[in-house]
Every structure is written in C-alpha cells, then in structure tokens.
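Chain naming here is simple, since letters A, B, ... match the order of the sequence lines and numbering starts at 1 in each. Worth knowing before you read on, the calculation uses all heavy atoms, side chains too, and leaves out hydrogens, waters and symmetry mates.
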Amino acid sequence: MSRNFMRSSSWNFLQLARYGRTANHSQFSSSNIFFHLEEDDLSGEDTSSLADSQEDFDSAILFGMLRGNVVGLRYYSGVVNNNEMVALQREPNNQYDRNAVKVNNVNGEQVGHIKKELAAALAHILDQKMAKIEGVVPYGAQNAFTMPVNLSFWGRAENKQAVLDHMMKYGFRLGPIPNSLQLGHGSAKSKSERAGPSYRAPILPAVQMTTEQLKTEFDKLFEDLKEDDKTQELEPAETIGTQLLSHQKQALSWMVSRENTEELPPFWEERNHLYYNTLTNFAEKQKPENVRGGILADDMGLGKTLSVIALILTNFYDGRPFPTKKIKKQELAESDVLKSNMSQKQFKAAKKTELSTDSRKESETLSQEASSSRPKRQKARKTKYTYSSASEEDEAWLPRKVKAPAECTLHDDDLFANALFGLPTAVRKKKNKKGVTVSQSISKAGPEGQRRTTLIICPLSVLSNWIDQFEQHIKPEVHLNIYIYYGPERTKDPKVLSDQDVVVTTYSVLSSDYGSRSESPLHKVKWLRVVLDEGHTIRNPNAQQTQAVLSLEAQRRWILTGTPIQNSLKDLWSLICFLKLKPFTDREWWHRTIQRPVTTGEDGGLCRLQALIKNITLRRTKTSKIRGRPVLDLPERKVFIQHVELSEEERQIYESLKNEGKAVISRYVSEGTILSHYADVLAVLVRLRQLCCHPFLVSSALSSITTTADSTPGDVREKLVQKIKLVLSSGSDEECAICLDSLNMPVITYCAHVFCKPCICQVIQHEKQEAKCPLCRGSLRLDQLVECPQEDLDSSINKKLEQNWMCSTKINALMHALVDQRRKDATVKSIVVSQFTSFLSVIEVALRESGFMFTRLDGSMTQKKRTEAIQSFQRPDAQSPTIMLLSLKAGGVGLNLTAASRVFLMDPAWNPAAEEQCFDRCHRLGQTKKVIVTKFVVRNSVEENMLKIQSKKRELAAGAFGKKKSSSSQLKQARIEDIRTLVDL
DNA sequence: ACCGCCGGGTGCC
DNA sequence: ACCGCCGGGTGCC
C-alpha cells in the first residue's frame, strides 16, 4: 500500500466514523466507543477542501463579538424586537455587491443588509465556512433606516486566528466575550438428549449490576419531572374492545389532550396581543400553531400501538369518537362484498407470503396474492382491508362503508355525513374515471374540513403487527377502513387513500414514492394524522426517507419510539422538524437555542431541553410506577457479570497476540500517529476480543492488515476486502448509511465505506456518472465496489471445526450453566448472544455434543428463515428448541423471544444500549418468568477494559449529553489513553 | 435621516 | 471661485 493510499484510505475510514457521529447514520454508531473517540480528530486534516459541508459546528467555540449595522431597513418587511436573534445569509448574486449579506429575522423574513464595508469582510468568512456568524439586535429595533447588530463568531478553534486576522485586515477587531451575551441460520436439531461432556463451573462468582449502572442518559432527563400533569387517565371509546392498562389510559388522555389543545407551544407567550418566543425574542401577531402531537417514547412492550389505536378511535374527529351509529346493515354487507376486501384469514395467508420474501426488495405482490385468492362473497368482519387492484380502483374512492349508487340522493349523503361527523354537509357532483356521476359528501364545517385519515408509517417488520393489533383491539362490529399501501398494485389515486380511516405503509414505500414525487399519492393527501412507528428511523435529516416523511401534510403528528435520542441530541432534530415546532424546524435556531447551549453546558441549556422534551414527550420505562405500582407487572430481571479466567493455553495465545498488538500500538503512540492508524488498532482489538471467545475465531485473513507494501491495483482491492471483513467482524453496529438498516449484501466502496449492495447500486444508478459516496462524496463507480467473499470467514471456521474441535473457557462456562439449568428445569429456554456469528457456529458444536435442541437467528438469514426460527423457538411444545443462538444485531426492534427467560451474553458490546435491547427481547410483555442475564467477561483482558471504559464514559457524560468537553488536545490524549487502557499499555 | 454625502448655486463686509 | 459656504435633494446592497 502506498503511503498515499494509506493516508487517504485511512482518512476516509476515519471520516466515515466521524460522519457517523455527526449524522448518526454510519455503520459505526457513535455509541461504538472507538469511533466515539474520533470526533474531531480530523480537524487538523484538510477537511475543508472536502465537500463535507455538513454544518458540524458542534465543537464550535466563540471567537469573539463585533458590533455592526443593519441597513436598508425601510426596503424590507421583516421586523425584529430588541434583543431578538437574527440570521445572516450570504447573497452572492446581489447585483450591487457580490459581498452582500442579508439579515433575516427568526421567521426568515429579510430585515435588511449588513453595511457593505462589514459585509465585504464577512463574505469570505461565510463563504469559506471559517465561522458561523450569529446576530442579535441589542436595541434600535424600531429604527427606520439602520439598526445595530451584535455579531458573534463561532467556529473550530483552529480557524480562530485566521478569522481574527481576516477581520483585522478589513479594520475590524473582534471584541471580548461579554458574559451576558453568550446566548445566544438454518436451525439444527440434535437427536436425543444425552449427557455429553462435563463442564467445570467458573471459579469466580457472578456479580450483579446495579440498576443505576443500567440507567440511560435519556431517562435521566425525565428524572426530576415526575410531578406531571400526565397522570390523568381516559377511558377509550367504546369501539375499543380491550381493557386498557392504567398507563395506556394515561397515554390516551395525554395524546387526546395534545391533539385538541389550544395551548401555545413551548417557549411561546402571549404579550399584549402578540405572541412572543422567549428563546429568540421573536414576536408575531399570528398565533403559532400548537403541535398537535408529540413523541410517545414509552419503552418497548408498554403498548404504544394499542395507545395509538385507541387514540384514532377515541379522538376520531373534533374530539369525538369514531361513530358507532350503525348505518343500514344491508348496505354495509353489500359494500363489503363490492369492495372485495380480504378476510382476516386471507390476510394472514398474504402476510406469510410477505414474510417469505426478502424484506428489502419489497417486491412481493401482496395484493395480487390477496386478490387472486379472494372469495366471491364473504361475511362482514371487524376490520376491512382495502386492497388496490385494477378492477376495484374506480370504485374504491367512493365514500367509506356505503357504495353510493349512481342516483344517490342528497338525503342519503346527509345521512352519511351526519352519521360520520354529526355536521352539516354540502353535496357536490363528481365524476369518476368511468364517467359515472356519483355523489360525495363533503363536510362543510369543522376546522379540519373533511380530513379523517390517519397514515401510519412503520418498518416492514412491524406492519403485520399493526394489522393484528387493529383486529385484536377493535370490537368486531366496528367497521374501520384500513388500506395497506404496499406492493406493486397499490393505488395511485390519492382519493382512494383519503377515503380510508387508516392507511398503513412502510418507510421504504413512502421513500420510493417520494423519489418519483409527482406520482406519490401519499404526498397528495391532506392527512388528519400521521403516525411514525419506530420514529427514530428518520433521525438522519439528510436521508431521502426523512425528506419523504417531512414533506407529508398532516394536522396531527405522532412519533412512536422507545429511543428518541439514540446517539446524540442531533437525533432529536429530525423529530422536532416532523412535529413542526417553531422555530426549531430551522437548523440555525435549533442549534442556537437548544443544541449548542446543551452541548457546551451553557447555563440553562439543559433546562431548556428538559422543558422542551417534557412538553412534547410522554416516556415511561418498564420500571416506571403509577401510584406506587409498576406500569407493567413484569417479572424481575437480574443482570450478572460472570468473570471467567482464560486457561493457560488460551492465556498464552492471548498474551502473545496482545504483546504483538501492544508493540504495534506503542510504536504508533510514540510516533504520535495512533489516531491515524485506527484500522490497525481496531484489528488488534478485534482479534483480542475474538480470542476471549474462542481461538478459532481469529481469522488469519485479518492479521495481514498491518503489513505495508507497495500497492498494485490488486493490492488495493485486497486491502478493501480486508477492511470490509474487519468492519463486518468488528462487532460494531453495522448499519448501512443509506437504508439505516443492518447491512444486506455488504460492499465496500473505493473510498472504504460500507453499504448494502442494493442501496449503493441504487445511488449509482440514480446519479449516473455523477454518483458520489453518500458519506464522503468521493466518486463512485459500480466496477469499483468490492464485495466481501462471504465464504472466506465462515469456511475457515468450518474447516477448523470439522478437523479438530476444541473447547474454550467461555464455552465451558456457558455449557456448564446450560447443563446445570437443564438438570434443574429442562423447560427453561435460553438465548445465547454473541457479536461474532462465527462464535455462534462454534457454540453450535458444543450444543450438539451435549444434546441441546437449538435454533439460530442471525443477520444473514432471510426474513422467512428468521420467522421460522422465531416461531419454532416460541412454540411451547416439547419438540421446540430450548436454545436460541442470536447475533447481537439480528432482528428488528420488535423481536419477541419471551419463551426464553435466560440470556447469555457471550461477549461485551461496545454499546451498552445494544445489550439492553437484546435483553428486552425476552424481558417484555408476555414474559412470565424471572429473567436472568449473564454477561461473560474474561478477567484481565480487553473485555474487562471495555467495561472500564464504558463506565468511565458514563461518569464523564455526567449531564445528559456531555457538557463542554475539554480541549481538543485533551480529548485526543484521552482517546490515546483509552486505547492504551484497552491493551494494558 | 434631528444624520452624512452629493452636487448646484453662489460669492466683500 | 481651480476655493469655501449655503441649503436642497437624497438615502441598502
């Protein structure tokens, strides 16, 4: 590898990691300790020349302040108040001055211009993004011609001097900082049970973790705000057939009140007939519209879906429930047939078809399956599913429930409308495509017009769950129209959608529709309500998916997520945008008023964030209590850390590899180049972690990564192959930056970024010659993508396994526990989790030897096989496997493995949250037994050091999102210390 | 703008 | 006076 390539590739590798931090969509999540350490490590590199123009002024410091003037006030309509924040915007095409800088108020209305002499100095700084300049008008807001403006200059520390010098050249000296102005598998079944080899019990006692250690940062935000007005309960509409739990009634009450509220949004006050924003000091006559929605951030398993279903039916229209009034029964039955919807059974059949197909392609013809197997007649049922097919489309847009005959009278329409809304209606004539004139009722009154449709957007994996739950919880006699907008036969007609009560679709369908904008019926409907299930999937503001969601038109907006803040405060911004919270939908105001104050630890910053989140979020954890009783009567859960000691042979191999790694790392440390050799450091650590599990895991293919040679094109390719293997085996959160899902057919780009093959191919196709890497904007070519030779990693393991099987300390400890458990109670099921799927393969051998029945779930399995594995494991019969081998990242959030009550975490994860989520797959609603989690950690190894660093990070985080960090050099030193800690240097 | 600047009108004291 | 001074016209970038 040439020096040059080494530099650029490693730079990109790092860049990828850093991007993961800033945009939270890299395969390395920021929770990954390594990459967390990255942060602004690249600040010294030539980042500015790269198109990485993301506004990451996260680590911005204040350079200084300057008083300037805003001129030309009389030409613009934008007004400001004293002390109001203003935004500066370059106007390079101004015909009078290429240096022009506009001054806008919070609403984006132009107030004036920066006086030209100053603008001449500022233009370069703004254009080169050397600093971000923020303005506040201190006084003189009422002036007719000019007004003063206090400008504060923010940027990366390394740009400070250049900015000061530049300003000086133009005769401006930045002043000091006035304190007051800082606002600113295939499943394998063994034969019969037999004893198998015996395993020793671990020598060291298991240590239980305290609940405090398990507490997440997000929950800390809610801690001192338990004295809420969110304890009111509301019984759901009678159309809901399920008895709601107390906390679900609270959720319902809170959601209904948020949808119907007339209160001002957070940080707004009414002051003498004007509406003031207390953060920006912006005021306007028009009342800022309240957010009719919010974030339901309950823990997984508390019933968010049920709460939303209850909301839809309870607050169906204008504070009223879904109508229960029966419309002529005959007509109803008739309409059901005419609409040819699927029966429940058929839907389930269709669902299986759906699951058998690769979820990513979303190409199965759900509706075709449905319509081909559709019966001629069927009984009325509780929930109607409307499917689009060519023959139905023309009629489907007719008013719900009643297919209006062509000669439909005004009277009938009125009846219909009244039954629906209890409101006066007007009737207008409309022609459908066939030219048959029918009548359609349109509600005249009501602030929401005729909107009545709720759009639910969810990941494909939970789509069927929504349908199941609608069926389960709505009384049989209630006829709610649900349209599943999915599959190639989905309607193109927005009218079909807007005549439903509920439309359910997936993020990927929405996103692909959005790609052909003019065609998307989803974007033409004025929705009553849009619900985002697993709403954190829109956390990357640059993703097309997010754009597709944000461009939906809706009055009531809800986000369901158990993890609103996954990595950083930034995750919240997309959510806030979706909720249309003024003024935060504009990135600048979000930064200035919330994000920066919090991250820099500014006074009151956290309080603001708390106030904001408290206002729009309802969050209960499984341990939350209502009137002193836990919201869910979940059996207790205990987490034990089981330390194990390596055997002498293992220790020998470990120490020799460790010393080898130490030598490499200490050389980098002394050269001061460690931070630019991350791939090497990572490789060392991965190998050590693998050794802690089983020596077979250490792939010889990875060991050559540190060798440096001259690069031929073949070499470059080989390096890329090694890099992708490293990424795939590192156990870090492998996520595709495009689909934000776990990697499917991973490929690595020439610039060393890893994506799903289908995802990146789509990008290349779409952008043709111009295609650029979504992460670093490096050029992309189809023929330069390198795939991971999948067979390599696994086959080498399989060969070793076939040839000479051997045990390991961890396998010994696991098998001891499993055998012991089987002796005590053979019905207890266990989940065995590892980040290394190859380790799962090794464990398989041990399980077979001891006659355990097991199944396996990992990321390489098709959706169909996954479902089979889950179903067989969840079955209560005696033939059902008692052990599930699970790869840490496999399966979506909804994965339900409640059949298990024991979890064995074979190796510590970088991300404690990933561990937590894994435990929750069995510790959730439906779990009847006490759950015991065992984390195996090898004494005196990287694993133990990983735990040390994790807890050290937790302490450092102190405030929810980490206060002002130390200087960049201190940070770098800290990272180096972390690496040294990991290898005992 | 109750300013600054511009350019025309004007011109002893 | 190729000045000074006066007062009207005028006004972002």
Exercise. What are the two closest heavy atoms between A:Arg67 and A:Tyr139, and how far apart are they?
Worked result: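 For A:Arg67 and A:Tyr139, the tightest heavy-atom pair comes out as NH1-OH, 3.0 Å.
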For this session: Searching all strands shown, indicate the nucleotide that pairs with B:dG9 (Watson-Crick or G-U wobble; both distances under 3.5 Å).
Result: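 Check on B:dG9: paired to C:dC5, both distances under 3.5 Å.
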Exercise. What integer number of Å spans the P atoms of C:dA1 and C:dC5?
Worked result: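 Rounded to whole Å, the distance is 15 Å.
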Quickly work out the [X] [atom1] to [N] [atom2] distance and round it to whole Å.
X: A:Glu117; N: C:dC13; atom1: CD; atom2: C1'; result: 11 Å
X: A:Met147; N: C:dC12; atom1: CE; atom2: C1'; result: 13 Å
X: A:Asn93; N: C:dC12; atom1: CG; atom2: P; result: 20 Å
X: A:Asn69; N: B:dA1; atom1: CG; atom2: C1'; result: 14 Å
X: A:Arg74; N: B:dC3; atom1: CZ; atom2: P; result: 17 Å
X: A:Gln110; N: C:dC13; atom1: CD; atom2: P; result: 12 Å
X: A:Leu73; N: C:dG11; atom1: CG; atom2: C1'; result: 12 Å
X: A:Lys116; N: C:dC13; atom1: NZ; atom2: P; result: 4 Å

Exercise. For the ring pair A:His113 and A:Tyr76, is the centre-to-centre distance below 6.0 Å?
Worked result: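 Yes: the rings meet the under 6.0 Å criterion.
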For this session: Scan A:Lys115 against the nucleic acid and name what it touches under 4.0 Å (heavy atoms): base, sugar-phosphate only, or nothing.
Result: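 Sugar-phosphate, backbone atoms only, no base.
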For this session: Give A:Ile114 one of three labels, base, sugar-phosphate or nothing, depending on what nucleic acid heavy atoms sit under 4.0 Å from its own.
Result: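 Sugar-phosphate contact only.
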Exercise. Under the 3.5 Å rule, do the base of C:dC13 and the side chain of A:Asp97 count as making a donor-acceptor pair?
Worked result: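 Per atom types, no contact qualifies.
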Exercise. Does A:Tyr75 make a side-chain donor-acceptor contact with the base of C:dC13, cut-off 3.5 Å?
Worked result: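 Under the 3.5 Å cut-off, the side chain and the base do not form any donor-acceptor pair.
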Problem set entry | Chi angles and distances behind the salt bridge (charged side-chain N to carboxylate O under 4.0 Å, His left out) call for A:Arg556, A:Glu259 | CA-CA 6 Å; A:Arg556 312 176 185 178; A:Glu259 288 196 346; 2.8 Å; yes
Problem set entry | A:Phe145 side-chain proximity, nearest of C:dC13, C:dG11, B:dA1 |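 Of all the options, the side chain of A:Phe145 is nearest to B:dA1.
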Problem set entry | A:Glu553 versus A:His523, side-chain donor and acceptor atoms under 3.5 Å |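 There is no such pair between these side chains.
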Exercise. Do we see a donor-acceptor contact under 3.5 Å between the side chains of A:Asn104 and A:Gln89?
Worked result: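 Side chains of A:Asn104 and A:Gln89: pair found under 3.5 Å.
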